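Along the sequence shown, residues carry numbers from 1. Values in this document were obtained by computation on a predicted structure and should not be read as measured data. Whatever order the structure lists ligands and atoms in, that order sets their numbers, starting from 1. Hydrogens, waters and symmetry mates play no part in the numbers below; they use all other heavy atoms, side chains included.
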Amino acid sequence: MRVEKKVEKYAKRRGWKVKARTEDGILYLEGEVPSYKEYVEIGRYAGKQKNVEGVVNRLKYKGKKEEKRKEGRNEIIGEADVVIIGGGVTGCMIARELSKYKLDIILVEKAEDVACGATKANNAMVHTGIGEKMGTLKQKLCVEGHKMYEELSKQLDFPYEKNGMWIILTKDSFADMPIPSFLGNFIARFIIPRIILRRAKKLGIPMYIVKRKELLKEEPNVTSRALVAVYSPTYGVTSPYLFTIALAENAIDNGVKIMLETEVVDMITEGGEVKEVVTDKGRIKARYVINAAGIYADKVAEMAEAREYTIHPKKGSTLIFDKDYGNYIKHSMTILKFPRTEHYKGGGAMLTLERNIQLGPTLMEVEDREDTSVKAAEIEQIFSHFSLLLPDLPRKGVIAYFAGLRAATFTEDFIIRRAKKVRNFIHVAGIQSPGLAAAPAVAKMVVGLLKESGLEMVEKEDFNPYRKANVVIRELSIEERKKMVEKDARYGKIVCRCEGVTEGEIVDAIHGKIGATNIDAIKRRTRAGMGRCQGSFCLPHVAKIISRETGIPLEKIKKNGNGSNLFVGKAKCLLEEKNEN
Ligand SMILES: Cc1cc2nc3c(=O)[nH]c(=O)nc-3n(C[C@H](O)[C@H](O)[C@H](O)COP(=O)(O)OP(=O)(O)OC[C@H]3O[C@@H](n4cnc5c(N)ncnc54)[C@H](O)[C@@H]3O)c2cc1C
């Protein structure tokens with residue numbers, strides 16, 4: 001049966017009026033369904049069909065919000081060979097890769113800093129690719145990307161470690177399957193580890209089996225119901241924002257122009273080509289456009305008349321534990337549980353570079369592309385799921401939680417290709433996990449696509465692959481610290497007591513190549529406010545330093561973007577106003 005008929009039949013059986021049509025491998029859905037839930041359900045069904053390269057879901061449902069496009073400005077503010085839309089890890093990695101060539105490149109980012117989308121709200125794991133579906137583009141790029149991290153971290157001076165990952169099977173791994181427990185335990189102990197090893201061998205990932213006794217000796221807090229583990233020693237962890245900032249800074253050094261607080265609102269197309277990218281600050285003439293807009297990639301593609309997919313955000317919430325619990329486990333770990341539903345994405349107890357355990361993430365379809373709330377029910381869900389792995393991990397250890405949105409398309413894989421009908425527009429969409437790990441390989445693929453599409457790419461003789469990070473005082477020896485304090489006394493003044501961050505480091509972050517001008521931007525660069533007290537002590541001090549160094553009035557300092565003002569005004573002003581009345 002033809003794909004369109006199959007999808008229409010699926011809808012009809014449920015009483016929904018859906019018309020499906022295919023053009024150039026893209027399946028377009030029109031009609032109406034009762035709610036967002038069914039909108040996602042049919043989209044997913046359509047996305048699973050053979051040979052469907054993208055699903056554009058235009059179905060209406062009750063309560064669907066009509067979107068208004070922002071007004072753009074008309075003046076020309078730039079001209080570039082390549083305009084990259086989005087300053088997440090994907091956009092910044094592409095910018096850095098393209099900066100090796102003699103090209104004029106502009107990256108536009110609507111937020112006030114780079115790494116403000118999914119890139120700031122993930123688990124920082126540099127996956128090896130073993131957890132991804134075999135044969136997918138995301139797996140291929142993850143395997144390649146993972147291999148490139150070591151070299152990149154040396155060149156760009158961002159933190160990266162191979163801390164390893166335990167994949168653990170327990171007596172609960174098959175408890176939800178309709179099979180007797182002895183059979184479930186047998187499959188968990190003997191079959192699954194071997195399947196994993198076989199896959200690892202195919203992918204060239206070193207992995208080995210660890211027996212229960214050895215596992216519990218090494219990780220005594222793991223559940224006693226554990227049966228076996230498969231260990232992946234090359235699993236990595238990085239800092240997604242320090243990595244992205246490093247990429248952006250190095251790209252700037254090599255001639256890329258980064259325009260922050262610049263939102264793409266439209267595109268001028270003519271004869272199947274984008275001519276200009278329209279932003280809220282003005283227009284940019286472009287020879288090629290790369291869409292790395294994350295959760296908004298489908299909206300951006302629509303602006304270029306190149307919509308070939310619909311993004312349906314999947315929220316992931318994570319709990320963060322105090323560093324005091326950093327020795328609770330030695331390595332990051334995950335539990336395998338079956339049946340693995342289509343949208344199951346492992347998660348686990350993952351260690352950050354600073355040895356905070358991260359527990360999560362959850363997976364939840366959300367309609368609102370800005371919904372990064374963490375609900376009590378999600379926290380309960382995390383504790384309940386991972387108590388199967390670490391049953392006694394104390395709740396009181398949690399110091400923070402966050403949520404990020406995965407930019408999922410209905411076909412689930414990364415969509416990295418030239419637009420079908422717009423000659424100079426490249427999609428880099430559907431970059432959900434492992435987008436961080438895959439980013440270096442994604443950028444290489446984009447270079448290939450640009451070459452293919454006719455852009456002449458001549459390598460620069462003077463490309464500088466190196467970039468130096470700012471000093472981190474807590475990582476220095478006493479002698480080294482003394483020297484820094486002699487140079488500048490501000491390196492001796494601790495502002496964030498939990499993380500040991502000094503005033504000097506905060507000043508460096510403010511005056512960096514991409515200057516930090518709000519509290520969260522400082523936090524991402526220095527860790528000020530990331531400790532146990534979550535900024536209760538240092539926030540006012542950091543705000544004062546930002547104000548002093550940038551000239552922004554203290555009462556205008558924000559936590560992050562627009563609408564996150566920390567202060568309403570000066571208390572004394574309010575008193576004066578009262579007296580005047
Ligand atoms: C909970 C969670 C955990 C994850 N864990 C991992 C992990 O451990 N390892 C891993 O490899 N991956 C992980 N991922 C996936 C990873 O975070 C993403 O794949 C990656 O960050 C995507 O980067 P990006 O640059 O494509 O998107 P983003 O970081 O979202 O960047 C897109 C940028 O585009 C900008 N933008 C959007 N629209 C416009 C516009 N109109 N004009 C200008 N700018 C615009 C946005 O402001 C944003 O900054 C996780 C994701 C989530 C949600």
Side-chain angles (χ1 to χ4, degrees), residues 69-70 72 83-95 107-129 131-132 138 141-142 145-146 149 165 235-238 240-241 243-244 247-248 258-267 277-281 284 290-303 311 313-318 332 334 345-348 350 352 358 360-364 366 369-370 372 374 401-408 414 416 428-440 442-443 561:
R69 269 201 206 160
K70 268 195 185 170
V83 172
I84 301 164
I85 304 170
V89 68
T90 308
C92 290
M93 186 71 237
I94 294 169
L107 182 149
V108 276
E109 167 54 56
K110 67 178 179 173
E112 72 295 340
D113 194 2
V114 294
C116 280
T119 298
K120 76 167 180 206
N122 59 61
N123 300 120
M125 292 290 112
V126 181
H127 301 292
T128 55
E132 307 310 321
K138 62 169 117 169
L141 297 177
C142 182
H146 172 268
Y149 260 82
M165 168 78 82
Y235 231 89
V237 58
T238 186
Y241 14 89
F243 174 39
T244 306
L247 290 167
I258 297 191
M259 294 181 173
L260 296 174
E261 294 183 271
T262 305
E263 181 170 350
V264 174
V265 294
D266 203 355
M267 275 177 239
V277 173
V278 183
T279 78
D280 55 355
K281 297 283 176 0
I284 305 165
I290 294 168
N291 176 11
I295 205 86
Y296 290 98
D298 53 347
K299 309 273 176 196
V300 166
E302 181 100 50
M303 294 173 199
I311 305 276
K314 290 196 274 186
K315 185 167 74 162
S317 301
T318 300
S332 295
T334 185
K345 184 82 184 82
M350 290 156 289
T352 66
Q358 311 175 83
T362 53
L363 202 153
M364 193 179 171
V366 287
R369 295 183 192 223
E370 300 294 326
T372 50
V374 179
Y401 42 76
F402 67 85
L405 297 171
R406 304 171 179 92
F414 290 175
I416 306 173
V428 190
I431 311 295
Q432 44 176 326
S433 192
L436 174 66
V442 168

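- With rounding to the nearest 0.5 angstrom, the CD1 atom of I94 is 5.5 Å from the CD1 atom of I290.
- In this view, Y241 satisfies the ring pair (Phe, Tyr, Trp, His ring centres under 6.0 Å) rule with no residue, not counting sequence neighbours.
- Annotation for Y401: atom OH does not count as buried by contact number, only 12 or fewer foreign heavy atoms lying within 6.0 Å.
- Within 4.0 Å of ligand 1, heavy atoms belong to protein residues I85, G86, G87, G88, V89, T90, V108, E109, K110, G117, A118, T119, A121, N122, N123, A124, M125, H127, T262, E263, V264, A292, A293, G294, Y296, V300, G316, P361, G404, L405, R406, I431, Q432, S433, P434, G435, L436, A437.
- The salt bridge (Lys or Arg N to Asp or Glu O under 4.0 Å) contacts involving residues 292-301 comprise E67-K299, D298-R307, D298-R369, where partners must be two or more places apart or lie in separate chains.
- At distances below 3.5 Å, not a single donor-acceptor pair connects side-chain atoms of R406 with backbone N or O atoms of P313.
- Here Y296 pairs with E370 under the side-chain hydrogen bond (donor to acceptor under 3.5 Å, both in side chains) rule; sequence neighbours left out.
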